[in-house]
Amino acid sequence: MAELSKTYSPQEVEDKIYHFWESHNLFHARVNPEKQPYTIAIPPPNITGILTMGHVLNNSLQDAFVRWKRMQGFEACWIPGTDHAGIATQHVVEKSLRKDGIERREIGREEFLKRVWSWKEQYGGTIIKQLRKLGTSCDWERERFTMDEGLSKAVQEVFIRLFEKGLVYRGKYIVNWCPKDHTALSDDEVNYVDSNGHLWYINYPVEGSASEFITVATTRPETMLGDTAIAVNPKDERYAHLVGKRVVVPLAERAIAVIADDYVDAAFGTGAVKVTPAHDPNDYQMGIRHNLEQMIVMDTSGKMNLNVPRKYQGMDRYECRRELLRDLDQTGLLLKTEDHANSVGHCYRCDTVIEPYLSDQWFVKMQPLAEPALKVVQDGAIKFYPERWTKVYEHWMTNIRDWCISRQLWWGHRIPAYYLPSGAIVVALTKEEALEKARVLDSSIGPNDLRQDEDVLDTWFSSWLWPFSILNWPEENEDLKYFYPTDTLVTGPDIIFFWVARMIMAGLEFRGEIPFRHVYFTSIIRDAQGRKMSKSLGNSPDPLDVIATYGADALRFTVLYLAPLGQDVMYSNEKCEMGRNFANKIWNAGRFLLMNKDSILGEFTTAGLSVPGASAPEAAVELSDRWIVSRFNATVKELSLSMDAFRINDAVKTIYDFLWHDFCDWYVEFAKNRIAASSDVNEKYAIITRALSIYEETLKLLHPFMPFITEEIWQGLSERGTDESIMVASLPQADETLIDTEMERSMEFLQNVISAVRTIRNEMNLPPSKSIDVVVNCTDDTRALVLTSNVTAIQKMTRAATVEAGVNLAKPGYSASSVVSGQEVFVPLKGLIDVDVERSRLEKEIARLQGQLRGVQAKLSNETFVAKAPADVLQKENDKLNNFSQTIAKLTASLEQLQG
RNA sequence: GGACUCUUAGCUCAGUUGGUUUAGAGCGCUACCUUGACACGGUAGAGGUCACAAGUUCGAAUCUUGUAGAGUCCACCA
């Protein structure tokens, strides 16, 4: 049996334990017809990512779930992996190449991709290594990457299927364009930031008139060079006479039409809007309605192109804006400038202001996919925790827009679409296949006539397949059949649309089955000031530092304790002290029990006795024994209910309270005293064995939350086989027949008597060195028996010389007193008593009770309450009434005696 | 503009369907205690009219509405 060191050192233990688990292949799950599968998939972190507190929370939760289920006997499989993160990764690699003076475009696509892959091999996936530090029980053999061959195949397959179904199409649309990344972004990839901009009022001269103008207000004057109309509201009488006439775009000197459209709000600005179909989504729609020319005036870098007057060509959009405003001012056409607050879209990756831009992109038609995905959530086949997110989900799903899936990047899954010289498109897994398909359309096509689309797919286009692509879909296989669908998805609510919704759509569309049954939305981790953790604020602690300081168990436990379902968490490192202190407590309890066992075993040896076997006579089962068993089973029950309801903070709190307060504060203290008081080595052995077995079962309950320390101690509790591990031990089941609340109340009474005496000691300033006696006058024999059969415990815990309990005991003169459950507790003080202190103590207590009594009396004298309240509630109030008045009477008697 | 969340002890927060809650925990604070597991500890204690107002109810921290403050998401923004 291993001896536990004086203090617990997670640093020495955690790596060793993790290695033990990994080397014994305890994380690996196989198809096992005898067991129910329980599968979860990690939300794949970016390959460029490092571990953040958000990941810590997410993975602590997932690991708790998966370990819990594994110990319940499920074939638990947690599949890890990473996401190729198109833009983020391309950025990182471009940046590192730039340090060597290399530009992406100079080395070309193929070479660049080679560099990305080698970057990935060298630096990527740091986070996967870091997760091990946290203790995650992932099936590392199944680790996947969204650009793996298998996953890439799934992506192409899906693209082709959707294309053939008509759900993927190519179209010209206004997209969110990032001029820095040179790519389109989906609506979700744009962050709108409120900013203080300006509204510029510009006069457009009416063609052929020297004095007449239409004034428009704009926040982006540079786009006026691409104006192809001016729009007013059809009901707006101010402009009615101008509709159908033409005005001249200042500086560009082009004449454009004045049109009427309902979109225009007559009350905003001047009521007249410049229309730039190629650079604004609303204007684009108007352009379609009125058949306007779409005039692109910028290039993909946000620089003005050849469609603008020579002076502005090549200027950056903002430089052009400044120049243009100056020119307008000089010509007198800039009427005025107003401050104007508006929100401006920024690229979620590089924070550049996005530019609405007309271009050719690929889209997924979402509505047909959204309908069934909405239904499974509304029907409850997929449940959200907390439930309120279903509303958000429903809202998005019923207002869904088509998904722009093409990205003008190099790093990603290249779109498997090929263009014929005629402009026709074929879609195929390989170029050979594409060629075959193309030849059906035109037999003269040669390999060089086919041009593959240059774009890659949105990263989420691979992420949405994750729950089944990680199981090698589209290939039918045993793993897929057994492990799909997964059970619980743990993720942040910020990606409910990006990821959660789309996974549900994909699962139903391609697999005909939901991808998971439960979705647990984690809290957001904030700093002590309530700000989001972010790189730029530098307020995000490095979890590895925290682990080094406090230990992974402490971090996990703390984070789970702090994170109630659906509420944000204000985190600071000091909070981990709580988890660390708890780990220390667990450790020391184990150390104490093992030390006692050791010394008792020693006594057998000295006495020349043999250690009793399993069939040895048990020591007498006392109240505290039955109590701890009852409490243990109640704890198991409560814990299971909390776990099933995803109330992890409750689960963690339940076990914390049981282990620290019930087990350590009371049960171990009782056991300690019994062992000290006993002279029978067999009895001592039985007591310590019983305590150890409760302790061992409790460690199992705790293991999903604090895996390292529980394994380390568990290994030391008895001789274990080399393959044995607590992580595959079976979880204790609650035996409800052993939960006895009546008996627990007896124990509570005993505890309260002990506390009452301790209170008297403290308040009368009686140091432990001063000997006291305890007399308890009971109203019935049952109460008295509880005390008389635990005299030793009371003596030890209150440091009393004598303890007397019985019915109709005389009250000792000059004593401090207290009433516990109607029983009078006296501590005779013989000259030690400070009458004033005791008097004010009693007066205060009586006053408090009288307050309570008044409350109860008021209730009971309320006729409607008596008439309408249920019988049990009424009974309780009556009991309270009796309790309070009897206690008051007894305390008053004590008070009077003290004064008399 | 629409939706959602939060406001409980000095701080950070629990409190599941209204009545076994006389509103709890951790940290901090006060007093006592190094008693052979643990000072990362033990014992005892102080500290709250549950943001405010109205309502529903026999009964509200808990349900409804409103007000104030904090925050999140969606849509729009010429």
Side-chain angles (χ1 to χ4, degrees), chain A residues 4 6-8 192 199-200 216-220 223 231 263-265 268-276 280 282-283 340-344 386 388-389 391-392 395-396 399 493-494 496-497 524 526 528 530 532 550 554 558 561-562 564-572 574-575 577-578 580-596 641-642 645 647 649-650 653 656-657 664-665 668-669 672 755 758-763 765-769 796-799 848-849 851-852 855-856 859 862-870 872-874 876-877 879-880 884:
Chain A
L4 305 186
K6 176 118 172 68
T7 48
Y8 176 61
Y192 286 90
L199 201 51
W200 288 280
V216 301
T218 179
T219 54
R220 294 190 298 146
T223 62
Y263 165 77
V264 181
D265 175 1
F268 189 94
T270 61
V273 186
K274 58 190 268 322
V275 184
T276 323
D280 182 278
N282 294 305
D283 291 5
H340 179 69
N342 63 344
S343 65
V344 177
R388 68 184 141 88
W389 291 108
K391 258 195 167 175
V392 178
H395 183 256
W396 192 70
N399 294 284
D494 48 333
I496 187 166
F497 310 131
I524 293 169
R526 299 172 177 282
K532 270 190 189 176
Y550 297 98
T558 302
Y561 190 98
L562 289 176
L565 184 55
Q567 253 11 87
D568 288 357
V569 175
M570 303 272 221
Y571 173 87
S572 60
E574 305 79 66
K575 289 189 172 172
E577 285 175 13
M578 185 204 166
R580 181 203 58 188
N581 294 354
F582 185 43
N584 186 251
K585 188 74 183 178
I586 298 161
W587 183 260
N588 279 294
R591 194 162 77 93
F592 174 72
L593 295 173
L594 287 177
M595 275 167 51
N596 263 273
L641 288 175
S642 298
R647 305 179 63 88
N649 64 318
D650 279 356
K653 190 175 164 14
Y656 177 92
D657 287 342
C664 290
D665 288 352
V668 170
E669 290 303 312
K672 189 195 282 184
S755 291
R758 284 167 168 173
T759 303
I760 289 171
R761 248 198 195 284
N762 265 286
E763 298 199 345
N765 281 317
L766 298 170
S769 52
K796 294 266 184 192
M797 292 188 190
T798 63
R799 304 191 143 249
R848 190 183 68 87
L849 288 166
Q852 304 290 350
V856 177
K859 259 192 189 174
N862 181 340
E863 281 170 30
T864 38
F865 171 73
V866 177
K868 291 198 178 180
D872 59 324
V873 173
L874 203 58
K876 268 172 217 157
E877 291 301 317
D879 290 349
K880 271 195 216 168
F884 289 144

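Every chain is numbered from 1 and lettered A, B, ... according to where its sequence line falls, protein lines coming before strand lines. Side-chain atoms are counted along with the backbone in the values below, which use heavy atoms only and exclude waters and symmetry mates.
Checked by atom type, the side-chain pair A:Lys653/A:Ser642 shows no donor-acceptor distance below 3.5 Å.
Taking the C1' atoms as reference points, B:rC50 lies 4 Å from B:rA61, given to the whole Å. Spacing of C1' atoms, B:rA70 relative to B:rG24, comes out at 24 Å, to the nearest Å. Straight-line distance between the C1' atoms of B:rC6 and B:rU67: roughly 16 Å, to the nearest whole Å. Separating the P atom of B:rC33 from that of B:rG19 is a span of 43 Å, rounded to the nearest Å. A distance of about 27 Å separates the C1' atoms of B:rU49 and B:rA44, rounded to the whole Å. Separation of the P atoms belonging to B:rU5 and B:rG41 is 38 Å when rounded to the nearest angstrom. Taking atom P on both B:rU72 and B:rG28, the two are 31 Å apart, rounded to the nearest angstrom. Look at the P atom in both B:rG47 and B:rU56: the space between them is 35 Å, to the nearest Å.
Contact annotation for A:Arg848: base contact, defined as any heavy-atom pair under 4.0 Å involving a base atom. Using a 4.0 Å heavy-atom criterion, one finds that A:Asp872 contacts no nucleic acid atom at all. Across all strands, A:Val866 comes closer than 4.0 Å to no nucleic acid atom at all (heavy-atom distances). Among the protein residues, A:Phe582 comes within range of no part of the nucleic acid, since none of its heavy atoms lies under 4.0 Å from any strand. Contact annotation for A:Gln852: base contact, defined as any heavy-atom pair under 4.0 Å involving a base atom. A:Arg220 comes within 4.0 angstrom of no nucleic acid atom, judged by non-hydrogen atoms across all strands.
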**Prompt:** salt bridge (charged side-chain N to carboxylate O under 4.0 Å, His left out) between A:Asp280 and A:Arg220: does it pass, once the steps are laid out?
**Reply:** CA-CA 10 Å; A:Asp280 182 278; A:Arg220 294 190 298 146; 3.6 Å; yes
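Below 30°, between 30° and 60°, or above 60°: for A:Phe497 and A:Trp396 the angle between ring planes is below 30°, a parallel geometry.
Residue whose closest nucleotide on RNA chain B sits further toward the 5' end, between A:Lys672 and A:Pro870: A:Pro870. Judged by closest nucleotide on RNA chain B, A:Lys880 is the one of A:Lys880 and A:Tyr8 placed further toward the 5' end.
If you check distances only, the side chain of A:Glu763 never reaches the base of B:rA31 with a donor-acceptor pair under 3.5 Å. Not a single donor-acceptor pair, N or O on each side, falls under 3.5 Å between the base of B:rC4 and the side chain of A:Lys391.
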